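Model, not experiment: these values are computed from the prediction.
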Amino acid sequence: MADPMEEIRQTFFVECGELLEAMEAGLLAMQDGDDDPETVNAVFRAAHSIKGGAGAFAYTDLVRFAHKFESILDEIRSNRLEASRPVVDVMLRASDVLGDLVRVAQSGAPFDQENCDALIAEFDTLSTKTPEEDITLSEDDFEPLVLSFDFGAIGGDESDEPGELAEPAAPSGYVVTFHPMPSLLRHGSEPALIFRELERLGPTTVNLDASAVPALDELDPLGNYCRWKIDVECDDEAAIRAVFEFVDSDCELEIAPRVVLADINQNAEDDSAELQFPAAAAFEAVAEAAAEAVESEPAIAAPLAEVVPLDTAREAGPAKAPAALAAAGDSGARSSGGGGATVRVDLDKVDRLINLIGELVVNQAMLSQSLIDAGLTAGTAAAAGLDEFKQLTREVQDSVMAIRAQPVKSLFQRMSRIVREAAAATGKDARLKIEGEMTEVDKTVVEQLADPLTHMIRNAVDHGLETPEERVKNGKTPEGAIRLSAAHRSGRVIIEVADDGAGINRERVRQIAIDKGLIAADANLTAAEIDNILFLPGFSTAKTLSDLSGRGVGMDVVKRSIQALGGKISIRSTPGQGSTFVISLPLTLAVLDGMVVQVAGETLVIPITSIVETIKPDPAMIHPLGSDGQVVLVRGAFVPVVDVGVTLGMRAPLRQLDGQVLVLVE
């Protein structure tokens, strides 16, 4: 039987991946000058959520680092620390370390404690807080907040009645101003439970401010219009803040000593919009107010939802939950994330479905061939039905393939870290610009692109960009730019890696190739042919051996990897302006279109992605080569002819190619 906790743990790691992607996107936006407070809040919420989940599973190293990271982000969003370029650079390196710690927690592998401690020391340098204000969590300091789901008691002794409060104590404690955002409820948090946790700390009085609640015809069912002032007789501010720890990013929260706000309750006695009552009665009062609003609106034929007091709803159980509220909740779930509802499915299940669709396509092709063999023309009802079946099969196939597709965003964002690390290793200043990150490609293609792109990004920083001093001397900015883009063109995905560096020094490339014996000294090569020397095995322009280059292994591996994916790679370079590497890939590897051909009576299929064109040559285009070889002249270039029938052992060589169809492949 599967361990339910292990399933929850794996879900946590999946969500960590999504949170880290959101964090990286937010930090890159901040690096580009985005000063929207919501961007900082999104990064803060990501770090906060990771810390909370890590604490639930006792990943103390992850909790410790995330807490320090979160503290710096909190200072930025509170305007106590400016999000300058150096600060954001530290945040980006911290997000890299946070991702490493998540992977360490998942795999159990050792991690670089020295790097982690060094970043924490940088956090302490950046922080505006005193050591007393920012207490580092130890292994025993962090405990996940446990909320009681015992609706029969408010707090303290479980025998207490819901409406009872302890005897008033001497003036002490704090006043909490609590205004939940709509996201708080969407994330599954419940204000009533927060009130009950506060009352465990001491006698608590809740003041509801319902002045912002609109008329029913203007009310947004997914909005939140209530705010509360909560008087807590507890002298421990840290304990009060701990109650709100997992919702503080989804609410506006102020906690002040009661002496500062001592006159609030007195002034509120005559304010009809602010009501004072025990914590347990909070939501019952809201229900009564809503019921009165419904009765006072004769123009509305029926209320939006049945108003059920809190205790009544508890007794009735989930089956009697208001239908409209349930519908609103479903709507929120469907719309969360802005892209509709999503379902995580095991990739093996999708692959099995694709295999079945493939069998369906094969059967459809066999049926089509059977009709042709039977002499049924296109005008028959059977042929018309088969054409419709073919169209439906194609649509089903395309729909299933779309399930495997995923944006290249996650892959592209990983390259930001590669740029930072390569720039640090070479002493250069570089920034990655990403375009078309929502372009969708087959999941398998995305996974197998990671290594080739890593090689290319490192080469772009190491070989493509000049040093800051050289760039300034050449009239450029000290910071080099690497552009990584993706787009769909003609049924394929085009990925470009471009830099604004010095471009390819073709004279140097040619000379190195001659020195290494890769080309003849008298070879007459075009600019494009010289550029393609970069893809030859053993070629390297590095002058010294380093962690990034100099071993002659890199671009030849990239080319082989791209070709293994059914793609091709080309280079465009302008001296002094930079280089662009263009990768052309099929959208999917699971299903490939092909051309059906016959050789010596046998039926074969050639992948469409490999075919450049088909030609039926004239005798004048065919020329002998050696004792038994032949070449064909195509637009001024000689292309060798490979006899498929001979290569596969199906027949003897053909002496004449007149009347034969040649397929030009790459």
Side-chain angles (χ1 to χ4, degrees), residues 41 44-45 47-49 51-52 55 63-64 66-81 123-124 127-148 154-156 165-181 184 189-209 227-268 274 276 278-279 282:
N41 287 334
F44 175 86
R45 285 195 296 269
H48 186 70
S49 298
K51 184 187 82 170
V63 169
R64 172 173 170 264
H67 171 70
K68 300 295 293 188
F69 190 9
E70 175 190 56
S71 298
I72 295 297
L73 290 166
D74 186 46
E75 293 192 47
I76 293 176
R77 70 173 187 162
S78 302
N79 296 321
R80 295 196 301 271
L81 180 65
F123 289 157
D124 293 336
S127 177
T128 61
K129 293 182 179 180
T130 63
E132 291 77 13
E133 292 175 313
D134 186 28
I135 303 173
T136 302
L137 294 178
S138 68
E139 182 173 347
D140 298 327
D141 287 331
F142 184 87
E143 292 184 4
L145 179 62
V146 179
L147 298 179
S148 172
I154 304 170
L165 285 176
E167 291 297 324
S172 63
Y174 289 84
V175 173
V176 179
T177 303
F178 175 51
H179 182 202
M181 301 176 186
L184 183 141
S189 300
E190 173 58 70
L193 298 178
I194 295 175
F195 300 156
R196 289 184 170 87
E197 288 301 314
L198 287 174
E199 193 159 56
R200 295 181 185 277
L201 303 178
T204 301
T205 302
V206 177
N207 303 305
L208 169 66
D209 181 358
R227 66 173 66 229
W228 288 271
K229 284 189 175 67
I230 311 161
D231 195 333
V232 186
E233 293 188 17
C234 171
D235 294 329
D236 189 351
E237 181 181 356
I240 296 175
R241 289 192 180 276
V243 173
F244 294 91
E245 183 171 9
F246 289 101
V247 298
D248 62 355
S249 60
D250 292 322
C251 69
E252 295 177 6
L253 182 68
E254 294 181 8
I255 301 177
R258 183 187 292 173
V259 292
V260 178
L261 301 174
D263 60 339
I264 286 183
N265 289 338
Q266 182 67 34
N267 295 336
E274 188 171 300
Q276 188 180 81

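Between atom CD1 of residue Ile72 and atom CZ of residue Arg80 there is a gap of 9.5 Å, rounded to the nearest 0.5 Å. Atoms OH and CG, from Tyr174 and Asp235 in turn, are 7.0 Å apart once rounded to the nearest 0.5 Å. Ile255 contributes atom CD1, which lies 6.0 Å from atom CZ of Phe244 (distance to the nearest 0.5 angstrom). Rounded to the nearest 0.5 Å, atoms CG (Leu208) and CD1 (Ile230) are 10.5 Å apart.
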Side chain to side chain contact (heavy atoms under 4.5 Å, CB included) between Leu201 and Ile240, worked out
CA-CA 8 Å; Leu201 303 178; Ile240 296 175; 3.9 Å; yes
For a side chain to side chain contact (heavy atoms under 4.5 Å, CB included) check, start with the C-alpha distance between Phe123 and Ser71, then their side-chain angles and the critical distance, and finish with the verdict.
CA-CA 9 Å; Phe123 289 157; Ser71 298; over 6 Å; no
Glu233/Thr205 under side chain to side chain contact (heavy atoms under 4.5 Å, CB included): CA gap, chis, key distance, verdict:
CA-CA 9 Å; Glu233 293 188 17; Thr205 302; over 6 Å; no
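Looking at Thr204 and Phe195, their side chains never come closer than 4.5 Å, going by heavy atoms from C-beta outward.
A distance-only check finds no donor-acceptor pair linking the side chain of Asp209 to the backbone of Trp228 [under 3.5 Å].
For Glu252, the salt bridge (charged side-chain N to carboxylate O under 4.0 Å, His left out) criterion is met by no residue, not counting sequence neighbours. For Glu254, the side-chain contact (heavy atoms from CB on, under 4.5 Å) partners are Thr177, not counting sequence neighbours. Remark: Asn41 pairs with Glu38, Arg45, Arg77 by the side-chain contact (heavy atoms from CB on, under 4.5 Å) rule, at least two apart or across chains.
Shown here for Ala47 and Ala66, the closest heavy-atom pair between the two residues is O-CB, 4.2 Å. The shortest heavy-atom contact between Pro180 and Cys251 is CA-CB, 3.9 Å.
The existence of a salt bridge linking Glu199 and Arg196 is excluded, since no basic side-chain nitrogen approaches an acidic carboxylate oxygen closer than 4.0 Å.
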